[in-house]
Engineer: 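Take this structure first; my questions come after.
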Amino acid sequence: MYGGGYIYDKSSPAEQHQDDPAKLAEFEAKIDRGEKIEPHDWMPRDYRKQLIRMIEQHAHSEIIGALPEGTWITRAPGFRRKLALMAKVQDEVGHGQLLYNAAETLGKPREEMINDLLSGKSKYSNVFNYPAKTWGDTAVIAWLIDAAAIVNQVTNSKGSYGPYCRALERICQEESFHLKYGHDTVVYLATGTPTQRAMVQEALTRWWPPIMHFFGPPDKVSVHTEKLMRWKVKLASNDDMRQQFLNMYVPKIWELGLTLPDPNLRKNDETGQWEYTEPDWDEFFRVINGEGPCNAERLAVRNAAEENGRWVRRALMKPVGQYTQPLC
Amino acid sequence: MPIISLDPRVTRLEIPEEQGLEPIQPNEYFETYEVFHQAKSGDKHIHVGSVHAPSAEMAFLFAKEQYGRRSKSYNIWIVRSSDITSIMSEDADIFATAPEKTYREAGGYKVREKINAFRKQHGSTQQSS
């Protein structure tokens, strides 16, 4: 369900000149022609590094993102909603598997990626460091966080790396179910009793700042991404994706009579652009760096799961097993 | 201090915040298997992705969950990734052989013009024409 707000490496200038210029030119020409790069193709070091980092963050986000929603499975109101939520959470974990595979084709074994998640070295989407306080929160997550993720993932699926595009294509198909399910759940509450309406309104108010953070810092402060754009690693700027999301979903929120906690939010009819109050970016960076309400819990729960499953894996492990990268 | 969560099940686990977990060892997540999915009888098996598993049987179970839980499925093939032979992209020129291969294609054989010319010259052999 994740996208957006990736943390790219600031690559050193020295690194950029290590690549063979002839091969680099051939590689860039291939991307300009709209062809995909496959695991066994030559690629610049920095392309490989940034892609591993980005796909790995995406995979971790799917796994950690299953936690806030997963806690509501036992408390889902009714059997059909329980089934749907279980299916959605299982999809998210499955997306994590698809994405780890895609990242592995670039040469980082899965064990290393999970170790980096467990130790806190790798990042995952900031939104999952916030709690899902009520059933209303799960509705808002399933609708709007997944909607934001789709905006990002549909964009990224036009990228240059073949295995990532193939994984995203499958992911986007499944996300369309999540989006419909989420919308249905929000509409049910928003058109229900005053208590139900209040529940979904409170959840929406709580989640609006993390949703505005979702696509990452505004273009004017985010790190240099021109090279990543040329290599089709990044395909749209953070602000462009945020605009696209606002344009698609704010009207759908307003038509339910729900309100958003930003008095400046409006579409400028002359420019066609949405105007809004910048969310608190200091908070965004504080939460990324571990200060969010749920960072500690998310990592502790994931570490405990790893530890509790370890004896099973050890029992099944074959001493002669050898690691092979997935093929594509 | 153990983790206190909104989810009572998490709180009950009394997970310490720092667990000092020993890192996962290389190969602890098993070997890699490629998955080929057949949607219905008569269809081709299509490569859909890969899974990590300790055996082909376990790989099959994971693949069934991962690639067969939603859409129509009839069969799945599991192949150990290391058993697959392929080439590096830089060797893709091995496929560049003769520049012109119409001799391998149906469209490379055009006889109608010759037949028409022959008939014009010799007339038809059919009595009744």
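All chains are named by letter (A, B, ...) in the order of the sequence lines, taking the proteins before the strands, and each is independently numbered beginning at 1.
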Engineer: As an exercise: rank B/Val10, B/Ile15, B/Leu21 by heavy-atom pairs under 4.5 Å with chain A and give me the winner.
Structural biologist: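 Among the listed options, the one with the most contacts to chain A is B/Leu21.
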
Engineer: Where on A/Ser119 is there a heavy atom nearer than 4.5 Å to chain B: the side chain, the backbone, both, or neither?
Structural biologist: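 For A/Ser119, no heavy atom lies under 4.5 Å from chain B.
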
Engineer: Of the backbone (N, CA, C, O) and the side chain (C-beta and beyond), which part of A/Glu297 lies under 4.5 Å from a heavy atom of chain B, both, or neither?
Structural biologist: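 Both the backbone and the side chain of A/Glu297 come within 4.5 Å of chain B.
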
Engineer: To the nearest 0.5 Å, how far apart are CD in B/Glu28 and CD1 in A/Ile114?
Structural biologist: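 The CD1 atom of A/Ile114 is 11.0 Å from CD of B/Glu28, to the nearest 0.5 Å.
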
Engineer: Heavy atoms only: give me the nearest A/Phe177-B/Arg70 pair and the separation to one decimal.
Structural biologist: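 Residues A/Phe177 and B/Arg70, closest heavy atoms: CD2-NH2, 3.4 Å.
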
Engineer: Atom CZ of B/Arg69 and atom CD of A/Gln90: how far apart are they, to the nearest 0.5 Å?
Structural biologist: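 Between atom CZ of B/Arg69 and atom CD of A/Gln90 there are 4.5 Å.
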
Engineer: Return the option, out of A/Arg110, A/Glu38, A/Gln325, A/Lys133, with the maximum number of heavy-atom pairs under 4.5 Å with chain B.
Structural biologist: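 The residue among A/Arg110, A/Glu38, A/Gln325, A/Lys133 with the greatest pair count is A/Arg110.
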
Engineer: Given a strict heavy-atom distance threshold of 4.5 Å, which part of A/Leu316 is in contact with chain B: side chain, backbone, both, or neither?
Structural biologist: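 Looking at A/Leu316, backbone and side chain both touch chain B.
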
Engineer: Heavy-atom distances under 4.5 Å only: say whether A/Arg314 touches chain B with side chain, backbone, both or neither.
Structural biologist: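 The answer is the side chain of A/Arg314.
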
Engineer: Of the backbone (N, CA, C, O) and the side chain (C-beta and beyond), which part of B/Leu6 lies under 4.5 Å from a heavy atom of chain A, both, or neither?
Structural biologist: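 For B/Leu6, backbone and side chain are both near chain A.
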
Engineer: Return the CD to CD distance between B/Glu65 and A/Gln97, rounded to the nearest 0.5 Å.
Structural biologist: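 B/Glu65 atom CD to A/Gln97 atom CD measures 11.0 Å (nearest 0.5 Å).
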
Engineer: Once rounded to the nearest 0.5 Å, what's the spacing between atom CG of A/Asn303 and atom CD of B/Glu17?
Structural biologist: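 Reported value, rounded in 0.5 Å steps: 11.0 Å.
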
Engineer: Verify side chain to side chain contact (heavy atoms under 4.5 Å, CB included) between A/His40 and B/Ser86, making sure each step is shown before the conclusion.
Structural biologist: CA-CA 10 Å; A/His40 290 127; B/Ser86 69; 4.3 Å; yes

Engineer: Which members of residues 87-109 of chain B, sorted by number, sit under 4.5 angstrom from chain A on a heavy-atom basis?
Structural biologist: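 Listed by number, the contacting residues are B/Ile87, B/Met88, B/Ser89.
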
Engineer: Under a 4.5 Å heavy-atom cut-off, does chain A meet the side chain of B/Glu22, its backbone, both or neither?
Structural biologist: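 Contact with chain A involves both backbone and side-chain atoms of B/Glu22.
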
Engineer: Measure the spacing between CG of B/Asp7 and CG of A/Leu67 and express it to the nearest 0.5 Å.
Structural biologist: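 Rounded to the nearest 0.5 Å, the CG-CG separation comes out at 10.0 Å.
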
Engineer: Checking heavy atoms, do the side chain of A/Glu174, its backbone, both or neither come under 4.5 Å from chain B?
Structural biologist: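 Looking at A/Glu174, backbone and side chain both touch chain B.
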
Engineer: Using a 3.5 Å distance criterion without hydrogens, assess whether the side chain of B/Glu31 forms a donor-acceptor pair with backbone atoms of A/Thr324.
Structural biologist: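 Pair absent, no side-chain N/O of B/Glu31 close to backbone of A/Thr324.
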
Engineer: In terms of heavy-atom proximity below 4.5 Å to chain B, should A/Ala102 be classed as side chain, backbone, both, or neither?
Structural biologist: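 Neither; nothing under 4.5 Å.
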
Engineer: Considering only heavy atoms and a distance below 4.5 Å, find which of B/Pro8, B/Pro16, B/Pro23 pairs most often with chain A.
Structural biologist: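 Among B/Pro8, B/Pro16, B/Pro23, the one with the most close pairs to chain A is B/Pro23.
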
